[in-house]
Amino acid sequence: YNWSTMKQKYSIIIDCDPGIDDSFALVYGHLSNSFDIKAVFSVAGNVPIEMTTLNSEFILSELNLNVPLYRGAEGPIVGEPIIAKYAHGSNGLGGYQFEPNLKVHANTKNPTDAYYELLKSFDEPVIIAAIGPLTNLAKLFMAYPDVNQYIKAIYVMGGGIVKGNYTASAEFNIAADPLAAQIVINSGVKQYYEPLDTTTAYGFNRDFMMKLKDSKHPTSQLLFKIIDAKEKLDVNPNAVYYLHDLITLIAINHPEWFDFIDVHIAVELHGVHTTGMTIFDLRGERAQKPNAIYVAHPKFSEIQKHVLEVLV
Ligand code: RIB
Ligand code: CA
């Protein structure tokens, strides 16, 4: 319970591939005091599973957040892993170097079984923030079809209506495992999608990042060091960074800053130029029956003001 906001905390599991913006989401999630983070799962994504897992151990150690961390899928259900070095640097944290003597260590038991046992152990369904490729969740639905009852909702950072980023048509998290995304959509679990249209509507600029440098929170100062390692902010004053995963988390505890639109989403699995593309059917009454909720139109000035209140 959060006594300052007099609000019930959101019980969440974070499924992530740190990743610079994943790191912002984890730090925000903890410092915001709005979430009861029950567990974290890593997944291969921005960088290979060894690095996304090590980065998760590092961020959780720096947060002194002693929650279960599980090492997740090493690649997509079918096909080979892809990575996003262009966006997160060679080690996934912008090249920021840290000591590997970490307090938090990932559990390497089967992540699918771990997910199911964990979800069943809670006294009420929990929210899953899926801010990396959806492989872990797809495997969970395939192995345990009755798992839906233990999941309150899934908030997915994924997809793109107007354009992609990994390719012109596909957003990275979906492109990394399109089949997994289709399986999650078909699961029927209540799911909210934040596509690039929402997460890149506005970027966080150098001034925002410089405020983190002087934060009273050491973990916010760490976020500055990570982003600076990637963006070299002193020589790059016009840098603008899209914190896709951070925006995704904020839609959970501040829905008032977004619009929620029922939508049918399909995933292109076999396109010559469009594999991994998400098709949001926004045709109104002629659209196919909705299977998801599009989280749209972020109120960025309120979001940015709030993030600074939490992180600085
Ligand atoms: O396309 C943006 C998404 O891909 C974000 O989750 C980022 O961390 C990368 O995983
Ligand atoms: Ca991510």
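As the structure lists them, so they are numbered: ligands from 1, and atoms in each ligand from 1. Hydrogens, waters and symmetry mates are skipped; everything else that's a heavy atom, side chains included, is used.
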Got a donor-acceptor contact below 3.5 angstrom from the Asp197 side chain to the Val162 backbone? yes
Considering only N, O or S atoms, which atom of Asp17 is nearest to the Ca ion (ligand 2)? OD1
Are side-chain N/O atoms of Asp15 and Tyr115 paired as donor and acceptor at under 3.5 Å? yes
Only pairs at least two apart or in different chains count here, so list each side chain to side chain donor-acceptor pair (under 3.5 Å) that has a residue in residues 89-99. none
Measure from the Ca ion (ligand 2) to each N, O or S atom of Asp21 and report whether any distance is below 3.0 Å. no
Show the numbers, then the answer: is there a salt bridge (charged side-chain N to carboxylate O under 4.0 Å, His left out) between Asp36 and Lys38? CA-CA 6 Å; Asp36 178 3; Lys38 295 294 192 183; 3.0 Å; yes
Note: Lys230-Asp228 ion pair, threshold 4.0 Å (strictly below): no
Please identify which of these residues, Ile303, Val307, Val295, Asp21, meets the side chain to side chain contact (heavy atoms under 4.5 Å, CB included) condition with Ile247. Ile303
For ligand 1, list the protein residues that place a heavy atom within a distance below 4.0 Å of one of its atoms, sorted by chain and number. Asp17, Asp21, Asp22, Asn46, His88, Ile131, Met157, Asn165, Glu171, Phe172, Asn173, His244, Asp245
Give a yes/no answer: is there an N/O/S atom of Ile131 under 3.0 Å from the Ca ion (ligand 2)? yes
Are Thr200 and His244 packed together at the side-chain level, in the sense that at least one heavy-atom pair is separated by less than 4.5 angstrom? yes
Which is the closest N/O/S atom of Asp245 when seen from the Ca ion (ligand 2)? OD2
Looking at Arg71 and Glu50, is there a salt bridge between them, counting it only when a charged N and a carboxylate O are closer than 4.0 Å? yes
